[in-house]
> 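Just passing along the structure, written as structure tokens.
Count residues from 1 along the sequence.
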Amino acid sequence: MIHTQTGSSRRILTFPAVNPCESISLTTLVDSLLQLAGEILSFKPKHFSTNKRSVKETLRHVQTLVIFFEELRIQIRVGSIPAGRSVILSLSELHVIFQKLKFLLDDCTRDGAKLYMLMNSGQVSAHFRALTRSISTSLDTFPVGSVDLPGEVNELIYLVMRQTRKTEARPDRDDKRAIDSVYWFFNLFENRINPNSDEIIRVLDHIGVRKWRDCVKEIEFLREEISVGKKSNIEIELLSNLMGFICYCRCVILRGIDVDDEEKDKEEDDLMMIRSLKVDDLRCPISLEIMSDPVVLETGHTYDRSSITKWFASGNITCPKTGKTLVNTVLVDNFSVKQVIQSYSNQNGVVMGQKGKKKVDVAESLAAEEAGKLTAEFLAGELIKGDEEEMVKALVEIRILTKTSSFYRSCLVEAGVVESLMKILRSDDPRIQENAMAGIMNLSKDIAGKTRIVGEDGGELRLIVEILNDGVRRESRQYAAAALFYLSSLGDYSRLIGEISDAIPGLVRIVKSCEYGDSAKRNALIAIRSLLMNQPDNHWRILAAGIVPVLLDLVKSEEISDGVTADSMAILAKMAEYPDGMISVLRRGGLKLAVKILGSSEVSPATKQHCVALLLNLCHNGGSDVVGSLAKNPSIMGSLYTASSNGELGGGKKASALIKMIHEFQERKTGPGEPVLERERFVHAW
């Protein structure tokens, strides 16, 4: 998919040309042809990944036709050329051909599609051949004899007609050689053999892929090409092979290629801009994911288009961040933020996905699978025998690969990367520690990875907890929190983590600290919640770490995202299932706060469901005194009825159960008096 500056898109090697209007004036048509020709000729200095000879011939023909168009414009101005139907028809056909040529040249020079275009050089040649011959057909209909043009211009027209009619655009010999080499690489991969690096560099140089970041763009394009449209098994296999090959090139071949000074200066500027921001600044306040299509509301706040569109579709007409009612819901593209996100993605090798597309992994063929294993083995070796800089480069690759692909996670675990990462976690170099911890976090999503990280006796978990509390960088501590979440999904590991004295307090510290953004807080919160859900005995440890007052203060601050609020309320609801947790929540005003949030129009349905669960658990464990205090609030019934009608995932049933409890309490209240329970002192917040 190719995205244009106007936001529209087209599939590669498709040419959606538009016919000129039938009523177009001859002057306008010729001016438009000259503009198109200029745009086509502007491709001359660019690098073409395939069909260089056909490109050169095509540009030569267009350059010759420019002379024809310029002479036409002069003759039109003096009124010596009638705007006859045959003239308009011929020039209109040329206009459509030029549009298609521009699309084709754009595809041949597109960053990210160079390898793909090489492998489709036969199809590219066919397009050049068809379009070039169409030029001859169009000129055939032009009434050269009835138009008063200089003799040399007429000769040029006849020359172009003869040359374009006989054109035999074919893939270049160098293209064929490069394609044969690529297929040979596939064969070597299938037999688990590393190709000759010099031969790979020759192919990459031929298509213009010379830097690490070029490979990132190629992978992004191939990933998107696999994910869109219906393709045959042969097409999927080829795209998968290409992705496995280019991943190998990025990790093994081009890992040490630096950018030129000019680009380095630009990257340093981008890095300074990125470092001045927190990554959380690039996340959508609704989804908390890095935005792929940022848009601005009239309030000046930026959201991801898909998230804010769903917000409006749910009947909300407010700004999620400010709560302000919007006069209109017009969405304006935030190009500056999009540019920053693109720079961040390029610097970190992140491939930005798009929602609604099928998940893509690289192992769709034998060659891709074996290439992935060879890549993993190479990176594992770099961690053991490489110097410091080589180790950092390998760690960055491991971090990227494990983030984007379950297949590569499996390959890297099998190659023994986990053990090497655990050994270097205590490095004083912040780059090594951060990237190693990020790799551990990603590998903890893999079942075999979990086993190797924890070790036979669980002792390795202490090392992750050590990073959680004393990591050199904030990011390292954040990744440690996320790793604990993934590891705690297994009950035995959840118990082992809870038994480490500094684990839960370390997570609570991240939630409490102003040093961390919403993303880090959510990592810690979901880890705490997982420890609570998968190992009930952890509840008293979490309570002893002071989680209840921390969460209540956090929610009261109103400076956090709805996602953090939802996670906080979910933990409080779970804590309220236990008598000591219920008492702690009531003593610190949790009941009143939950009612306030439930009645708010600025929080998500998920947050309200957790509020309902919290109130229900407080009433179950707190008895009639808590129910009575809840019933005194005049807005509670309306909020509960709304929650019961909109509730999902059991939220509606819990709201209905809570409504029933309040009704039963009110019915009893009108009857004989009942004794006041001792728990009343815990509801003093009301």
Side-chain angles (χ1 to χ4, degrees), residues 380 383 391-392 394-396 398-399 401-403 409-410 412-413 415-513 515-516 519-535 537-538 541-542 545 547:
L383 294 183
M391 182 182 293
V392 170
L395 286 170
V396 170
I398 290 169
R399 176 178 179 170
L401 292 174
T402 54
K403 179 180 177 67
R409 286 196 286 270
S410 176
L412 288 162
V413 169
V417 163
V418 169
E419 291 77 5
S420 297
L421 292 178
M422 296 300 288
K423 288 178 181 178
I424 61 178
L425 272 182
R426 286 197 175 99
S427 172
D428 293 331
D429 187 325
R431 300 173 302 165
I432 292 177
Q433 186 183 87
E434 178 186 339
N435 284 292
M437 192 63 250
I440 289 293
M441 176 195 71
N442 292 330
L443 291 172
S444 65
K445 303 172 188 177
D446 185 85
I447 295 297
K450 284 182 172 67
T451 303
R452 297 205 182 192
I453 291 169
V454 174
E456 294 183 1
D457 58 357
E460 298 298 331
L461 285 171
R462 295 186 180 276
L463 183 52
I464 297 177
V465 172
E466 182 181 318
I467 302 300
L468 172 72
N469 289 283
D470 302 313
V472 179
R473 284 180 176 170
R474 179 181 60 211
E475 290 79 8
S476 300
R477 302 192 288 273
Q478 178 179 341
Y479 295 140
L484 291 178
F485 159 67
Y486 290 118
L487 294 170
S488 64
S489 62
L490 298 180
D492 288 344
Y493 295 167
S494 183
R495 175 183 57 80
L496 291 172
I497 294 169
E499 290 175 352
I500 300 173
S501 59
D502 295 333
I504 292 174
L507 293 170
V508 173
R509 195 176 300 115
I510 289 178
V511 176
K512 183 178 181 180
S513 175
E515 179 186 1
Y516 298 93
S519 177
K521 291 183 186 298
R522 289 200 74 181
N523 282 344
L525 286 168
I526 60 177
I528 292 171
R529 187 179 178 189
S530 180
L531 289 170
L532 193 59
M533 299 289 289
N534 294 304
Q535 187 61 40
D537 287 347
N538 281 330
R541 298 186 179 99
I542 295 172
I547 190 64

> Grab the two heavy atoms, one from M437 and one from A483, that are nearest each other, plus how far apart they are.
CE-CB, 3.9 Å

> Any side-chain heavy-atom pair from I510 and L468 closer than 4.5 angstrom?
yes

> For K450 and Y486, which heavy atoms make the closest approach, and how far apart are they?
CE-O, 2.9 Å

> Residues two or more places apart in sequence or in another chain: which of them pass salt bridge (charged side-chain N to carboxylate O under 4.0 Å, His left out) with D470?
none

> Quick one: side-chain hydrogen bond (donor to acceptor under 3.5 Å, both in side chains) partners of S444, sequence neighbours excluded?
none

> Say you draw a straight line from CG of L487 to OG of S489; how long is it, rounded to the nearest 0.5 Å?
7.0 Å

> Do R477 side-chain atoms and G471 backbone N/O form a donor-acceptor pair below 3.5 Å?
yes

> Does the side chain of N538 come within less than 4.5 Å of R541's, by heavy atoms?
yes

> Might you point out which heavy atoms bring S420 and L383 nearest each other, and give the distance in Å?
CB-CD1, 3.9 Å

> State which residues pass side-chain hydrogen bond (donor to acceptor under 3.5 Å, both in side chains) with S530; sequence neighbours excluded, sorted by chain then number.
S488, N534

> So Y493 and T451, do their side chains get closer than 4.5 Å, heavy atoms only?
yes

> Please set out all donor-acceptor pairs under 3.5 angstrom arising from side-chain atoms of residues 495-502, sequence neighbours excluded.
from, atom 1, to, atom 2, distance (Å)
R495, NH1, E499, OE2, 3.3

> How close do I504 and A545 get, counting heavy atoms only, and between which atoms?
CG2-CB, 3.8 Å

> Looking at CG of L395 and CZ of R431, how far apart are the two atoms once the value is rounded to the nearest 0.5 Å?
10.0 Å

> Is there a donor-acceptor contact under 3.5 Å from the side chain of N442 to the main chain of R399?
yes

> Can you sort out the partners of S476 under side-chain contact (heavy atoms from CB on, under 4.5 Å), two or more places apart, ordered by chain and number?
Q433, E434, I467, R473

> If every non-hydrogen atom of V418 is compared with every non-hydrogen atom of I440, which pair is closest and at what distance?
O-CD1, 4.2 Å

> Going by side-chain contact (heavy atoms from CB on, under 4.5 Å), name the residues that satisfy it together with K512, two or more places apart in sequence or in a different chain.
V550

> Would you tabulate the side-chain donor-acceptor contacts of residues 522-529 under 3.5 Å, counting partners in other chains and residues two or more places apart, or write 'none'?
from, atom 1, to, atom 2, distance (Å)
R522, NE, D567, OD2, 2.7
R522, NH2, D567, OD2, 3.3

> Decide yes or no on side chain to side chain contact (heavy atoms under 4.5 Å, CB included) for T402 and D446, but give the supporting numbers first.
CA-CA 10 Å; T402 54; D446 185 85; over 6 Å; no

> I'd like to check the side-chain hydrogen bond (donor to acceptor under 3.5 Å, both in side chains) partners of R452; sequence neighbours left out, ordered by chain and number.
none

> Would you indicate whether the side-chain heavy atoms of V417 and I398 approach each other to under 4.5 Å?
yes

> Test of understanding: with side-chain contact (heavy atoms from CB on, under 4.5 Å), list the residues that count as partners of S513, not counting sequence neighbours.
E515, Y516

> Taking only distance into account, with no hydrogens and no angle test, what donor-acceptor pairs under 3.5 Å do side-chain atoms of residues 459-466 form with protein atoms, sequence neighbours excluded?
from, atom 1, to, atom 2, distance (Å)
E466, OE1, R426, NE, 3.4
E466, OE1, R426, NH2, 3.0
E466, OE2, R426, NE, 3.1

> I want to check something: taking the side chain as every heavy atom from C-beta on, are V472 and D429 in contact at a cut-off of under 4.5 Å?
no

